[in-house]
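Heads up: the structure comes next, in structure tokens.
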Number of protein chains: 2
Amino acid sequence: MTQNSNFYNRHFLDHISLDCVVFGFHDNQLKVLLIRRKYTKEWALPGGFVKEDESIEVAATRVLQERTGLDDIFLKQFNVFSEPGRANRNPTVTDLVGSVANPDLEWFNQRFISVGFYALVDFSKAEPTPDSISDLCIWKNLNEISSLILDHNQILNKALETLRLQLNYQPLGYNLLPDRFTMPELQKLYETILAKELDRRNFQRRILSYGILNKLEERKTGGAHKAPFLYEFNLENYQKALQNGLNGGW
Amino acid sequence: MTQNSNFYNRHFLDHISLDCVVFGFHDNQLKVLLIRRKYTKEWALPGGFVKEDESIEVAATRVLQERTGLDDIFLKQFNVFSEPGRANRNPTVTDLVGSVANPDLEWFNQRFISVGFYALVDFSKAEPTPDSISDLCIWKNLNEISSLILDHNQILNKALETLRLQLNYQPLGYNLLPDRFTMPELQKLYETILAKELDRRNFQRRILSYGILNKLEERKTGGAHKAPFLYEFNLENYQKALQNGLNGGW
DNA sequence: AGTTTGTGTGTCTTGATGACGCAATGATAG
DNA sequence: CTATCATTGCGTCATCAAGACACACAAACT
């Protein structure tokens, strides 16, 4: 009985993979971390496999550490992708490495069931790093992402949909914005995720009513036009809001 | 390379299982479908494995068909449970079948990563049926469920938590109540899931404002006290509400 | 200095929500 | 047969959140 297989001398569970939709925010644009396969030059979500002694969350954390250099990433599993059809579209071994010299690489040809995670990271702190089968790992603007391998477009869309839902009962921004930020920046983040415009004044009133922000004395200098105030997240209340939800319907 | 193994002559993927938290509603009580292991007499959630040609959703549907006799069940995956510690607590083969006569049964001793589903079914239409390694399959009142095998208590709690969250932006009841029902019955369903009492009059106003109910002329006879009106779900609006959400925060 | 553009703050209205009142109904008890 | 009682139907009031919008202020550019 083989419970696992070798891949570059590491033990992974058969049939189980994970894919990460890593969101970042920069230049008022929502960005997603992508990797590019060495040989096919196709784009894909960063992903990985599960070691013998790892939970799938630990595995995802490890993968993200490798891809971004960051620990302590906000991570959430949101869906399992398991259509048998996924496997048909799996890259062949040669797609991945360009040769089949290593018999261990046949391991890639099995059917995979993939657990989707989405992650929120501070754009400025991440250092995108490709994995062994990729030659590029970079941020792409959400609206400039075209065709990804396999069902990765579907995974990305589902992640966005989930993020939008979560927005309704969870605070957001701490993991995506720098420590100090302006109200327009926070609003732009919301608008980008929701893909719609919000009223400036109503947005501010609502966000402030959650009590998750500290208003600073300082203003953002350097920009053209009137200098906006800087804010920071009130971590204590932010965590509370994450746990208890924001509005709570019933 | 073994991509799968035999178990009673059927091919399942290694390492992957699924567990279902099946909710039903009867006698103003929220109930969960449980099975009892033949040899250890321990209680567990109904579950199963994934065949070569199945998605995990199809596998869960098949399992639920076998356990309840029902097709077209409301089903939703809500979490993946993958702690390596789960495996340590896996039942031994002898726990499951009482002997190791069949070498295929060693298959159970591998590590499993389990996808959790919750299901909502019409209590009166389900016919609980045990699987091959169980001697009982019955409904248990939510508040009378004690210790389950492995991490099944944790799975159940997470399912409940998810259900409560969904309640905030999705209609609920069509899958759990008979075709025609009274307002107090619907309210009791909500109260049971939320584990708190709601104001009768405010509940009615709010539920009716969603436009997912048709009020019938008929009243429920037979009960002591004033006869309440009967309602049915407006399926068209109900489906719309499922898709678009109820309140929509932003 | 006036214009432009974005920001800070406030008002008005509408609608949803929570708390609660009261009359009507239908079985049951005396 | 009538009083009682629990439950239901329907309504009111106050509060608060949310959308639409007005106006003044600040910083840079012409």
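Quick note on labels: first sequence line is chain A, next is B, and so on, each numbered from 1.
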Atom-pair distance ([atom1] on [X]; [atom2] on [N]), nearest Å:
X       : N       : atom1 : atom2 : result
F229(B) : dT25(C) : CZ    : P     : 10 Å
L208(B) : dG11(D) : CG    : P     : 12 Å
R206(B) : dA19(C) : CZ    : C1'   : 15 Å
I207(A) : dG8(C)  : CD1   : C1'   : 17 Å
Y210(B) : dG15(C) : OH    : P     : 17 Å
Q204(B) : dG11(D) : CD    : C1'   : 12 Å
K188(A) : dG6(C)  : NZ    : P     : 10 Å
W250(B) : dG19(D) : CH2   : P     : 8 Å

Item to complete: Mind checking K215(A) for me? I need base, sugar-phosphate or nothing, with any heavy atom below 4.0 Å counting as a touch.
Response: sugar-phosphate

Discussion item. Please tell me whether F233(A) and F181(A) form a close aromatic pair, meaning their ring centres lie under 6.0 Å apart.
Written reply: yes

At less than 3.5 Å, do the side-chain atoms of [X] and the base atoms of [N] form a donor-acceptor pair?
X       : N       : answer
K226(B) : dT7(D)  : no
D199(A) : dA18(D) : no
N247(B) : dA16(C) : no
R200(B) : dG9(D)  : yes
R205(A) : dA18(D) : yes

Fill in: Over all atoms of both residues, closest heavy-atom pair of W43(B) and I138(B)
CH2-CD1, 3.6 Å

Item to complete: Tell me whether the guanidinium CZ or amine NZ of R164(A) lies under 6.0 angstrom from the six-membered ring centre of W250(B) and within 45° of its axis.
Response: no

Fill in: F74(A) and Y118(A) aromatic ring geometry - parallel, tilted or perpendicular at 30°/60° bounds
tilted

Worksheet entry | Minimum-distance nucleotide (side-chain atoms of N202(B) versus dA6(D), dG19(D), dG18(C)) | dG18(C)

Practice prompt. Please determine if a side-chain N or O atom of R201(A) lies less than 4.0 Å away from the OP1 or OP2 oxygen of dC21(D).
Written response: no

Worksheet item: Looking at R86(A) and D19(A), does any basic side-chain N land under 4.0 Å from a carboxylate oxygen?
Response: yes

